Amino acid sequence: MTVKITLPDGSVKEYPRGITAAKIAEDISPRLAKDAVAARVSGVLKNLKDEINEDSLVEIITVDQPEGLEILRHSAAHIMAEAVKRLYPDAKLAIGPAIENGFYYDFDVPEAFSPEDLERIEAEMRKIVEEDQEFSHWELDRETAVNEFSAMGEVYKVELLREMEDGQVSIYKQGDFVDLCRGPHIPSTGKLKAFKLLNVAGAYWRGDSNRPMLQRIYGTAFAKKKDLDEYLQRLEEAARRDHRRLGKELDLFSIQDEGPGFPFLHPNGMVIWRSLEDFWRREHRRRGYQEVKTPMILSESLWRRSGHWDHYRENMYFTEIDGRPYAIKPMNCPGSILLYKRRLQSYRDLPLRYCELGLVHRHELSGTLHGLMRVRCFHQDDAHIFMLPSQIQDEIAGVIDFIDYVYRGVFGLNYRVELSTKPEDAMGPDEIWEAATDALRNAVEAKGMPYEVNEGDGAFYGPKLDFHLEDCLGRTWQCGTIQLDFLMPERFDLTYVGEDGKEHRPVMIHRVIFGALERFIGILIEEFAGAFPAWLAPVQARVIPVGERFVDYATEVQKQLLADDLRVDVDVRDEKVGYKIRSAQLEKIPYMLIVGEKEVEAGTVSVRHRQAGDLGSIPVEKFRKLLREEVASMSLKPLLVGAGAD
RNA sequence: GCCGGCGUAGCUCAAUCGGUAGAGCGGCGCAUUCGUAAUGCGUAGGUUAGCGGUUCAAGUCCGCUCGCCGGCUCCA
């Protein structure tokens, strides 16, 4: 009996029944057999040692492929668990998957692991790798598995087993370590070459804060030592562009012990803020938005009517004025709604786009605060669009384009889109949620944008499209969001007078582009590693006189540039040129203008760019024009480089 | 909020076993007047996060509180 094996290149070979992918790989090339970790057999990932008993399409998976690396990492998690069990026989196993840049495994142990424990565990793993234990695999009926894992005291595995539907479950074993696992795995522990345990952290069983806190060990593994080293080095570099560190070094912002989660913006940070705000205002004016401002404190009754009292109270701060209850706004929508309601609205006025840089306060759990990324008060670049039902698609499309222009067009940021659907604690009937969710889905799909569905993560009043940006460590932060809302108009009895002279119900969009100015600035700091494009840089150019005699000329140059709204200062300190340049470099100032005898005589400046270095001398006026253009065009690149110094 | 770690001068960090709190940078002063990433000398700067305890003696050991860091949960 033979089976026909089709390889990815289309060639077909015959093998005896029961052949394994491992043997096929050897047959193709020894090199392939060496790199192989698993196989895809007719579309399903399998172990190399699994028998193939029917005609199949077989693809050998190596560690160089994404799936191969994932399998390697998953196996690394098992090897780590084996090491933990050897050192801590009473540890109970939870789950241990491969994740984006590595793997983790959760354990229930009486005492938390220390960094020294991690070293011991890692050393034990190396022994296991050295022992080159084979991964074996078999199936078991679920009841037997429940009994066996119960006997071992693996209560978490038992809980998982009890929730499974299948009659048969899959078990893996290497050495003395047995685990419930779908697989596949690498053939033996010796295949794991480059790995490292990174850190320990608490993690709730099944992500539920009411269940036990487990100990999670994170680690990473790569195909080669070189890849691992590169990854570790990248982590170090990332730490250098952490916005909290740069925020301190560049004197942009701070968070004081007196106000955890309430950031202070320093003069330098405020320049960036203001530049973004000017940009924001200009772009909104062009797109038919009208700017408004609504109060920070409003009556509690308003928040009861909006539904915030029922669905958002935990995150709100309350106060009292003249004996009556008030709330500090966690969102801007109720305020905008009051503005809408101040007069009768006509269909002719819709869509009505109110935008507001609104300062909101939210009580976030102390453990979640993170620099500017996660704070307790922040400025949303909010807008509320009141519109006819027939305008929904166009308005959503307009906001999507707006966000794409800002993220990709202006800042060169990559982003990910998520469709967040009805949460458990939601207002309103399912039909309305479905209609709103469909409208959002149609809009992204019409744009041909890839997106993921984030089940149950919508706002309490409507589903949303979320736009996520990455920080220096690849953690993603929700920034932009577009929320479609049929419910607030209902609760506040919003109306417009239609063509027919009768009252109708408008629909609302809540949306932000930056999200929160604070978070967006955090993202930008990390994206640019503090070296902001000229249009955002706190100081755009610094004039550096080579000696005291040239301070007057330097000040003259500064005056000319200041007159054109450029941000320029002069380093008048009694120091050598090298010292002043070094200090300007460390402040990441885009341009340094060195002036001395030659420049005074010729009416020029000698230009140095922070990255490109010495660019030679050009007339002050020419520098002014070029920098002005660079700033006005919001260029991410220096226009002066290659512009030709004389 | 939960689990763990951490908290020393403005910043980055040192201080052996529990035995007199130190350095560099930065600040200030003086000298120097300098041409593309650090001139030299001098000098000030501390309730070792806060409160309590153990001890002859606490930066160091113990407890509590606050804050920060890494995760979990949650979110812009």
Side-chain angles (χ1 to χ4, degrees), chain A residues 104 106 109 111-115 117 198-218 239 242 244-245 248-249 251 255-261 312 314-315 330-331 358 360 362-382 420 457 459 464 466-469 473 475 477-481 483 510-520 522-523 544-551 574-586 592-599 606-610 613-617:
Chain A
Y104 68 78
D106 287 347
V109 279
E111 267 185 58
F113 296 117
S114 67
D117 293 337
L198 298 173
N199 51 351
V200 223
Y204 298 111
W205 168 236
R206 315 209 102 178
D208 183 342
S209 52
N210 298 311
R211 314 270 329 242
M213 173 71 69
L214 308 173
Q215 291 298 313
R216 174 173 298 177
I217 304 180
Y218 285 92
D242 188 309
R244 290 165 300 183
R245 178 186 173 133
K248 194 184 275 180
E249 283 175 8
D251 199 18
I255 297 173
Q256 317 270 344
D257 287 356
E258 287 79 357
Y312 210 73
E314 296 291 296
N315 288 292
M331 295 189 195
V360 297
R362 298 183 183 176
H363 178 75
E364 302 292 349
L365 294 178
S366 57
T368 65
L369 302 178
H370 184 91
L372 286 182
M373 302 293 199
R374 188 71 187 276
V375 289
R376 282 179 171 157
C377 76
F378 52 99
H379 295 72
Q380 291 186 299
D381 63 322
D382 215 345
S420 295
D457 216 31
K464 49 186 191 154
D466 295 322
F467 294 75
H468 294 253
L469 294 172
L473 287 174
R475 292 179 288 215
W477 298 92
Q478 187 187 315
C479 292
T481 175
Q483 310 172 347
H510 310 235
R511 53 106 278 199
V512 290
I513 307 286
F514 295 140
L517 259 304
E518 287 82 353
R519 179 176 287 184
F520 198 77
I523 296 274
I544 298 177
V546 300
E548 201 182 22
R549 288 185 292 135
F550 310 108
V551 168
D574 182 12
E575 295 288 352
K576 294 168 91 166
V577 182
Y579 181 88
K580 295 185 194 178
I581 284 174
R582 177 178 156 80
S583 113
Q585 285 284 152
L586 292 175
M592 284 150 270
L593 308 176
I594 291 91
V595 297
E597 191 69 48
K598 284 176 286 181
E599 287 75 18
S606 172
V607 182
R608 177 189 167 97
H609 182 261
R610 68 184 165 203
D614 193 348
L615 300 176
S617 294

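Computed over heavy atoms, backbone and side chain alike; hydrogens, waters and symmetry mates excluded. Chain A is the first sequence line, chain B the second, and so forth, proteins listed ahead of strands; every chain is numbered from 1. Owing to the predicted nature of the structure, the values given are computational and were not obtained by experimental measurement.
B:rU48 is unpaired under the Watson-Crick or G-U wobble criterion, no partner having all donor-acceptor distances under 3.5 Å. Base-pair partner of B:rC11: B:rG24 (Watson-Crick or G-U wobble, both distances under 3.5 Å). The partner of B:rC17, taking Watson-Crick or G-U wobble pairs whose two distances both stay under 3.5 Å, does not exist in any strand shown. Partner assigned to B:rU55 is none, using Watson-Crick or G-U wobble distances below 3.5 angstrom. Searching all strands for a Watson-Crick or G-U wobble partner of B:rC68 with both distances below 3.5 Å returns B:rG5. Remark: B:rU39 base-pairs with B:rA31. Criterion, Watson-Crick or G-U wobble with two distances under 3.5 Å.
Side-chain nitrogen and oxygen atoms of A:Ser366 include at least one within less than 4.0 Å of the OP1 or OP2 phosphate oxygen of B:rG1. At B:rG35, none of the side-chain N or O atoms of A:Lys580 fall inside 4.0 Å of OP1 or OP2 (strictly under the cut-off). Put simply, A:Lys248 has a side-chain N or O that comes within less than 4.0 Å of OP1 or OP2 on B:rU12. OP1 or OP2 of B:rG71 lies within a sub-4.0 Å distance of a side-chain N or O belonging to A:Arg475. A:Arg211 has no side-chain polar atom (N or O) that falls below the 4.0 Å cut-off from OP1 or OP2 of B:rC2. Within the 4.0 Å cut-off from OP1 or OP2 of B:rG26, at least one side-chain nitrogen or oxygen of A:Tyr579 is found. Between A:His370 and the phosphate of B:rG70, there is a side-chain N or O to OP1/OP2 separation shorter than 4.0 Å. Of the side-chain N and O atoms in A:Gln585, none sit less than 4.0 angstrom from OP1 or OP2 of B:rA37.
You'll find that the side chain of A:Val577 is closest to B:rG35, out of B:rG35, B:rC72, B:rC75. For A:Ile594, counting side-chain heavy atoms from C-beta on, the closest listed nucleotide (B:rC11, B:rU36, B:rA76) is B:rU36. Among B:rC34, B:rG1, B:rG35, the nucleotide with an atom closest to any side-chain atom of A:Glu597 is B:rG35. When distances are taken from the side chain of A:Phe378 to each of B:rG70, B:rU73, B:rA76, the shortest belongs to B:rA76. In this structure, of B:rG1, B:rU36, B:rA38, it is B:rU36 that holds the atom nearest to the side chain of A:Arg608.
Across B:rA9 and B:rC51, the matching P atoms stand 16 Å from one another, rounded to whole Å. A distance of about 13 Å separates the P atoms of B:rU8 and B:rU47, rounded to the whole Å. Rounded to whole Å, the separation between the C1' atoms of B:rG63 and B:rU54 comes to 11 Å. Across the P atoms, B:rG53 and B:rC28 are found 42 Å apart, a figure rounded to whole Å. B:rA15 and B:rG59 are spaced 9 Å apart, taking the C1' atom of each and rounding to whole Å. Taking atom P in both B:rC41 and B:rC25, one finds a spacing of 10 Å when rounded to whole Å. When the C1' atom is used for both B:rA44 and B:rA37, the distance is 29 Å, rounded to whole Å. With P as the reference atom, B:rG40 and B:rG35 are 16 Å apart, rounded to whole Å.
Here the P atom of nucleotide B:rC2 and the CG atom of A:Asn210 are 13 Å apart, to the nearest Å. One can place CG of A:Asp614 at 6 Å from C1' of B:rU36, the figure rounded to the nearest angstrom. In this structure, A:Leu369 atom CG and B:rG70 atom P are separated by 12 Å, rounded to whole Å. Going from atom CD of A:Glu258 over to atom C1' of B:rA49 covers 11 Å, rounded to whole Å. Put simply, CD1 on A:Ile544 is 12 Å from P on B:rA38, counting in whole angstrom units. One atom, CD of A:Glu548, and another, C1' of B:rA31, lie 13 Å apart when rounded to the nearest Å. The separation between A:Glu575 atom CD and B:rG27 atom C1' is 12 Å, rounded to whole Å. For the pair A:Tyr218 OH and B:rC3 P, the computed distance is 17 Å after rounding to whole Å.
In this model, no side-chain donor or acceptor of A:Tyr104 finds a partner on the base of B:rG71 within 3.5 Å. With hydrogens and angles ignored, a donor-acceptor pair under 3.5 angstrom links the side chain of A:Arg374 to the base of B:rC74. Below the 3.5 angstrom threshold, one finds no donor paired with an acceptor across the side chain of A:Arg244 and the base of B:rC68. No hydrogens or angles were tested; on distance alone, a donor-acceptor pair under 3.5 Å links the side chain of A:Glu599 to the base of B:rG35.
In this structure, A:Arg206 does not pair ionically with A:Asp208, as no charged nitrogen and carboxylate oxygen lie closer than 4.0 Å.
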Side chain to side chain contact (heavy atoms under 4.5 Å, CB included) for A:Lys464 and A:Gln478? Distances and angles first, verdict last.
CA-CA 12 Å; A:Lys464 49 186 191 154; A:Gln478 187 187 315; 3.5 Å; yes
